[in-house]
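Residue numbering restarts at 1 for every chain, and letters A, B, ... go by the order of the sequence lines.
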Amino acid sequence: MTRSFPLTNYDLAATLDSGQVFRWIPRGAAWEGVLGDHWFRLWQTAGQLHAEGATGSSPWERLLHFLGTDEDLTAIRSSFPDDPPMRDAVAACPGLRLLRQDPWECLASFILSSTKQIVQIRQCVSLLCERFGQPVAVPPGTAPVYSFPPACRLAETEERQLRECKLGFRARYLGATARRVVQGGPMLEEIAGLPTEAARRELMELPGVGRKIADCVLLFAYGRQDAFPVDVWVQRALRQLYFPNRRPSFRTLERFAATHFGPFAGYAQQYLFHYVRTRLGRTAFPKASSRRRSPRPPSPPHEPH
DNA sequence: GGCCAGGTGTACC
DNA sequence: GGTACACATGGC
């Protein structure tokens with residue numbers, strides 16, 4: 001059955017294709033994906049979201065929670081620093097949103113993400129679901145889809161089988177983290193109740209999870225909108241947009257990000273990530289050398305008017 | 001064929 | 001506190 005919901009200030013395509021999630025597939029003007037054990041097809045028209053479920057008992061509330069349709073995006077955007085880079089990034093895609101994902105799926109997916117392109121992460125996640133997930137009900141004529149395999153399923157899977165999903169060296173991390181999550185009982189639920197810094201430390205105890213992946217999980221699954229993942233794209237964005245003609249160290253970028261972007265820094269990060277990835281591209285941002293010093297004395301980064 | 005990809009762990013200084 | 005390198009695989 002299909003239901004419609006009011007929806008404003010929301011760019012569904014950009015949101016589902018912005019590197020937060022890896023299993024939503026465009027089909028014509030719609031997007032198809034799985035939430036838990038439920039298949040959905042989503043599309044939007046002026047002011048409305050349309051959602052088709054495979055059964056009459058689809059979890060609509062969960063879908064809306066996942067999409068974050070209740071979030072006041074205007075208030076969030078107005079908290080951003082009023083500087084040219086942020087204005088450009090927001091103008092490029094004003095309806096970009098953060099999703100509220102399942103922590104395990106998000107954690108496992110980002111363990112696979114290290115030094116992989118997003119298209120390859122999608123492929124790995126898809127293979128994992130096909131081989132170790134459960135079939136999910138779909139409408140007649142729709143290709144079969146599968147749920148994301150739970151930690152207990154991956155914990156008992158041999159590393160060789162994980163590697164066959166093209167995980168490479170990440171297979172060992174995924175298996176080891178799955179076992180830790182299973183042994184830890186409700187650890188992923190308990191993390192939800194911790195302050196952000198304590199939650200980050202807990203996540204970073206898991207094999208294959210460093211600062212960046214921990215921040216992705218905090219931001220994309222636990223709703224910690226002050227978490228600010230700094231990956232290669234965000235490094236490029238910060239260097240080019242805020243430190244042109246300089247060679248800031250990674251540490252400098254982290255310190256800058258921690259203070260510059262305000263209480264919704266993670267949201268600002270997603271706008272910068274999407275902006276640099278879709279509009280500016282890779283070639284505009286040569287990798288900064290960590291050895292060479294700046295040829296000129298440092299000047300303050302770009303300040304608001 | 002070389003470089004790069006939503007990094008992390010380890011060894012070393 | 002840092003820096004260098006290995007780790008798999010595929011796209012461009």
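A straight line from CD of A:Glu205 to P of B:dG9 spans 10 Å, rounded to a whole angstrom. For A:Lys212 and B:dT8, the NZ to P distance is 7 Å, given to the nearest whole Å. In this structure, CZ of A:Arg163 is placed 10 Å from P of C:dC7, rounded to the nearest angstrom. We find that NZ of A:Lys116 is positioned 11 Å from P of B:dG6, with the value rounded to whole Å. Between the C1' atom of C:dG10 and the CG atom of A:Leu167 lies a distance of 14 Å, rounded to the nearest Å. As rounded to whole Å, 14 Å separates atom P of C:dG11 from atom CZ of A:Arg122. Between the CD1 atom of A:Ile111 and the C1' atom of B:dG9 there is a distance of 13 Å, given to the nearest Å. As rounded to whole Å, 13 Å separates atom P of C:dT9 from atom CG of A:Leu162.
As judged by a 4.0 angstrom heavy-atom cut-off over every strand, A:Arg172 is placed among residues making no nucleic acid contact. The residue A:Arg170 sits close to a base: some heavy atom pair falls under 4.0 Å. Among the heavy atoms of the strands lying under 4.0 Å from A:Ser18 is at least one base atom, whether or not backbone atoms are also near. Base engagement by A:Gly19 is indicated by at least one non-hydrogen atom pair under 4.0 Å involving a base atom. Residue-level contact check: A:Val209 touches the backbone only, with heavy atoms under 4.0 Å from sugar-phosphate atoms and none from bases. Using a 4.0 Å heavy-atom criterion, one finds that A:Phe220 contacts the bases of the nucleic acid, with or without backbone contacts as well. Among the protein residues, A:Leu219 comes within range of no part of the nucleic acid, since none of its heavy atoms lies under 4.0 Å from any strand. Residue contacts for A:Thr115: at a heavy-atom cut-off of 4.0 Å it reaches a base atom on one of the strands shown.
Taking for each of A:Gly208 and A:Ile121 the nucleotide of DNA chain B with the nearest heavy atom, the 5'-most of the two is the partner of A:Ile121. With the nearest nucleotide of DNA chain B identified for both A:Phe110 and A:Tyr173, A:Phe110 has the one nearer the 5' end. Along DNA chain C, the nucleotide nearest A:Val119 and the nucleotide nearest A:Gly168 are compared for position; the residue whose nucleotide lies closer to the 5' end is A:Gly168.
Separation of the P atoms belonging to C:dC5 and B:dG6 is 23 Å when rounded to the nearest angstrom. A distance of about 14 Å separates the P atoms of B:dT10 and C:dA8, rounded to the whole Å.
No close placement of the A:Phe228 and A:Phe273 rings is indicated, their centers lying 6.0 Å or farther apart. Remark: aromatic rings of A:Phe66 and A:Phe40 are distant, center separation not under 6.0 Å.
When each of C:dG2, C:dG10, B:dG9 is scored by its nearest atom to the side-chain atoms of A:Lys166, the top-ranked nucleotide is C:dG10. The side chain of A:Phe169 sits closest to C:dC7 out of C:dG10, B:dG6, C:dC7. For A:Ser114, the listed nucleotide lying nearest its side chain is B:dG7; candidates were C:dG10, B:dG7, B:dG6. Looking at the side chain of A:Gln120, the nearest of the listed nucleotides C:dG2, B:dG7, C:dT9 is C:dT9.
Side-chain atoms of A:Thr115 and A:Arg170 include a donor-acceptor pair closer than 3.5 Å. For the 3.5 Å distance criterion, the side chains of A:Arg200 and A:Thr196 fail to qualify, holding no donor opposite an acceptor. In this structure, a donor-acceptor pair under 3.5 Å is absent between the side chains of A:Thr2 and A:His50.
Donor-acceptor pairing under 3.5 Å, judged by distance alone, is absent between the side chain of A:Gln235 and the base of B:dG6.
In A:Gln134, the CD atom is not crowded: 12 or fewer heavy atoms of neighbouring residues, nucleotides or ligands sit closer than 6.0 Å.
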